[in-house]
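Below: the structure, in structure tokens.
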Amino acid sequence: MSFDQEESDFFQEDDSSFDLKTLFPKILKIWPIILGTVALFLGAAYYYTSTTVPTYLVSSKFFIKEQESALSLFENPALGNQQGIGITNEIIILKSRPIAEATLIQLDFDVEYYEKGRFIKREVFRKTPIVVEVDWGFPQLVNGLVEVKWENANEYSLVFNDEHYSQYFPDGSFGVGVPNQGGTYQFNEWIETPQFKVKINNTSNQDAGEAYYIVRDNNYLINKYSGGLIVDLEEKNSTILNLSMAVPNVDKGQTYLNALMETYLELELQEKNEIANRTINFIDKQVAGVADSLSQFENKLQAFRSSNKIYNLNNESSTVYGRLTEIESELANANLKSRYYQSLKDYLVRENYNEIVVPSGLGIEDPYLNGLIENLLSVQVERSRLMATQTELSPAVREANKKLDDLNKSIREILDNVDLNNKMTIQDLEQRKNEIESSFRNLPQAEQNLIALQRQADLSESIYNFLSEKRAESAITKASNRPNNKIIEFAKVIGGPITPKPQRNYLFAFFCGLMLPILFVFGRELFRVRIEDISYLEKRLKIPVIATILKIRKKTTW
């Protein structure tokens, strides 16, 4: 064996650069440091957890019915809704600002109340010791904390401790708020200053106490709640939506979600009732004139009978009268259709779809025309809802506009045909009416006059009864309308706070406090370049150490 080989074997190292067994004594040696770092990190975790406003997740479930046209046979398949687009649009609408605004109008969220805790101020809802009324017709200090203190049940003082306040003006503009220096005021009385106008009521009747409040403007609330709402599908390919949001106060969050779903259903019901309201309004305009005519003809008939002593018609007159009355009733219905067709043409030309009445509401039973108009009104409602959150250039709105144009053209083409047929019917009825009228000219003059008055009165009564019946049907339809969508599950809190999570924070702090000193020892051992004990040298050299030579660091003179 060569000298080099012996030297290599002599100084051969182990695979590891240090012995793990030597770490444990060194780690145990610094146990006070480990205990101190663990305590330090746990203290930091406690402080963070205690000074962070907890937020909770509230969630609800809402069912959206897939939109189906009343007569999908008449729709162009190329223009039909693709699967999922309708649900996506409903999600956008639920998260839109108009829905949030309509919901917040019903809720008193413009004032937030807080109570003082050990480290932070927590928001309270409903169970508040004071109630603040805000007059939005005057400037208001918003987005800043105001402290209310009182030492008796009649007087209180205001303290403005925040560094920044915003000034809200009735026209919707904002400025930098400069609060006054506070003061003493009376409960249940309005405070009017150049900066704000509020009235504070002591609802708790406590003789002494303190509370805090922040006034929020409507724009802030709309941004907060519309932006904070999370809407997801409960399951893939389902139409049940999961509505959730993170809130610092569970009761307040649940109240908002429940009100949001109910507002959505109310708006949907209003849209469905709008069609019935248009029919009722159209009929009311027709009934107003018919009622006056009916009363007038009945009075004339009564006066004629009394003056001429003629109360009943003879057989021949009754036969003529019956035939004439039947034709005039048909003619009146045809004229009503003619007026409807003309008004419908005018609406289509002006593209004023908000005034269109469905033909079936007036007894016009044309399934093809009824189906097209129902589709037109459905697309118009969908377009109106899309315009609340999108622009004219968005793909969904452009698609709706295209469908409206196509339906408009189709309805106008059909309308020309049915109107022409109706006019031909009117001409035929007029001709038959003239023929019958010529047949009773041979009757005595008194009976002719009686027939004329009788048929006018009966015709007016027939039209009046017909219109009244259709109005009652529309009113029943309106009363029986129900939203297609529905609430599956009202809002509830999901688990504990989502932030902060005390258990996770403390576990993370304990782990960090424990591992940092150990990692320090591990790193120092890994990068050690000096021999600190004899066992380390003996292990490396694989021979016993006979003696050591001490080094005196201090210089001495011999």
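When reading the values below, keep in mind they use all heavy atoms of this one structure, side chains included, and skip hydrogens, waters and symmetry mates. Just so we're clear, the structure is a prediction, and the values are computed from it rather than from any experiment.
Salt bridge K121/E115: absent, no basic N to carboxylate O contact under 4.0 Å. Salt bridge present: E147 and K149 bring a charged side-chain N and a carboxylate O closer than 4.0 Å. In this structure, E271 does not pair ionically with R383, as no charged nitrogen and carboxylate oxygen lie closer than 4.0 Å. Note on D406 versus K402: salt bridge recorded, some NZ/NE/NH1/NH2 to OD/OE distance being below 4.0 Å. Between D419 and K345, at least one side-chain N (NZ, or NE/NH1/NH2) sits under 4.0 Å from a carboxylate O, which counts as a salt bridge.
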**Prompt:** Does the pair V146 and V159 meet the rule for a side chain to side chain contact (heavy atoms under 4.5 Å, CB included), with working shown?
**Reply:** CA-CA 6 Å; V146 181; V159 182; over 6 Å; no

Can you list the steps and then say if L241 with I91 is a side chain to side chain contact (heavy atoms under 4.5 Å, CB included)? CA-CA 8 Å; L241 302 180; I91 291 175; 4.0 Å; yes

Q270/N273 under side chain to side chain contact (heavy atoms under 4.5 Å, CB included): CA gap, chis, key distance, verdict: CA-CA 5 Å; Q270 288 178 12; N273 288 339; 5.8 Å; no

| request: Please step through side chain to side chain contact (heavy atoms under 4.5 Å, CB included) for the pair V349 and R412, ending with a clear verdict. | output: CA-CA 9 Å; V349 170; R412 289 169 69 176; 4.0 Å; yes

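Between the NZ atom of K224 and the CG atom of L229 there is a distance of 13.5 Å, given to the nearest 0.5 Å. Atom CD1 of I64 is separated from atom NZ of K486 by 12.0 Å, given to the nearest 0.5 angstrom. Atom CG of L344 and atom CG of L369 lie 6.5 Å apart (nearest 0.5 Å). Here the NZ-CG distance, from K492 to L257, works out to 13.0 Å after rounding to the nearest 0.5 Å. The structure places NZ of K65 at 12.0 Å from CD1 of I87, a figure rounded to the nearest 0.5 Å. Going from atom OG of S166 over to atom CG of N143 covers 5.0 Å, rounded to the nearest 0.5 Å.
Between the side chains of T55 and T499, at least one donor-acceptor pair of N or O atoms lies under 3.5 Å. In this model, a donor atom of one side chain and an acceptor atom of the other lie less than 3.5 Å apart for W136 and D110. Side-chain contact, E155 with Q186: a donor N or O sits under 3.5 Å from an acceptor N or O. With no hydrogens or angles considered, no side-chain donor-acceptor pair links Q342 and Y340 at under 3.5 Å. A donor and an acceptor atom, one from each side chain of S204 and N202, are located under 3.5 Å apart.
With hydrogens and angles ignored, the 3.5 Å screen pairs no side-chain donor or acceptor of S173 with any backbone N or O of F169. Of the possible donor and acceptor atoms, none in the side chain of Y256 sits under 3.5 Å from a partner among the backbone N and O of A100. Proximity of a side-chain donor or acceptor of N249 to a complementary backbone N or O of E123 within less than 3.5 Å is detected. T49 places no side-chain N or O within donor-acceptor distance of the main-chain N or O of P502, the cut-off being under 3.5 Å. Using a distance-only test at 3.5 Å, with no hydrogens or angles considered, no donor-acceptor pair links the side chain of E392 to the main chain of V397. The main-chain N or O of G513 is found under 3.5 Å from a side-chain atom of T37 such that the two form a donor-acceptor pair. Side-chain atoms of N281 come within 3.5 Å of backbone atoms of N277 as a donor-acceptor pair (strictly under, hydrogens ignored). For the pair W190 (side chain) and I200 (backbone), a donor-acceptor distance under 3.5 Å is absent. Between the side chain of D232 and the main chain of N242, no donor-acceptor pair closer than 3.5 Å is present. Side-chain N or O atoms of E489 include none that pairs as donor or acceptor with a backbone N or O of F62 at under 3.5 Å.
Using a 4.5 Å heavy-atom cutoff, the side chains of L243 and M261 are in contact. Side-chain contact between F187 and W150 is present, with heavy atoms from C-beta onward closer than 4.5 Å. At least one side-chain heavy atom of R97 sits under 4.5 Å from a side-chain heavy atom of S226. In this structure the side chain of V131 reaches within 4.5 angstrom of the side chain of T203, judged on heavy atoms. Counting heavy atoms from C-beta outward, V142 and R216 have side chains that stay 4.5 Å or more apart. A 4.5 Å side-chain heavy-atom check between Y114 and L145 finds at least one atom pair inside the cut-off. Using a 4.5 Å cut-off on side-chain heavy atoms (C-beta onward), I373 and Y368 make no contact. Side-chain contact between L104 and I222 is present, with at least one heavy-atom pair separated by less than 4.5 Å.
More than 12 heavy-atom neighbours from other residues, nucleotides or ligands sit within 6.0 angstrom of CZ on R339. No more than 12 heavy atoms of other residues, nucleotides or ligands shown are found within 6.0 angstrom of CD on E151. Annotation for F119: atom CZ counts as buried by contact number, over 12 foreign heavy atoms lying within 6.0 Å.
The heavy-atom pair separating N408 from L376 by the smallest distance is N-CD1, 4.5 Å. Minimum interatomic distance between N188 and N201 (heavy atoms only, all atoms of both residues): OD1-OD1, 2.7 Å. Smallest separation of non-hydrogen atoms from I120 and T51: CG2-O, 3.3 Å. The minimum heavy-atom distance between N485 and L265, with the atom names listed, is O-CD2, 3.3 Å. Considering all non-hydrogen atoms of both residues, L372 and L407 come closest at CD2-CD2, 3.9 Å. In terms of heavy atoms, N89 sits closest to A396 at OD1-CB, 4.3 Å.
Aromatic ring centres of F109 and F125: separated by under 6.0 Å. Ring-centre distance between F174 and Y168: below the 6.0 Å cut-off.
Ring-plane geometry between Y46 and Y506 is classed as parallel, the angle between the planes falling under 30 degrees on a 0 to 90 degree scale with a further cut at 60. The aromatic rings of Y156 and Y185 lie tilted to each other, with the angle between the two planes from 30° to 60°.
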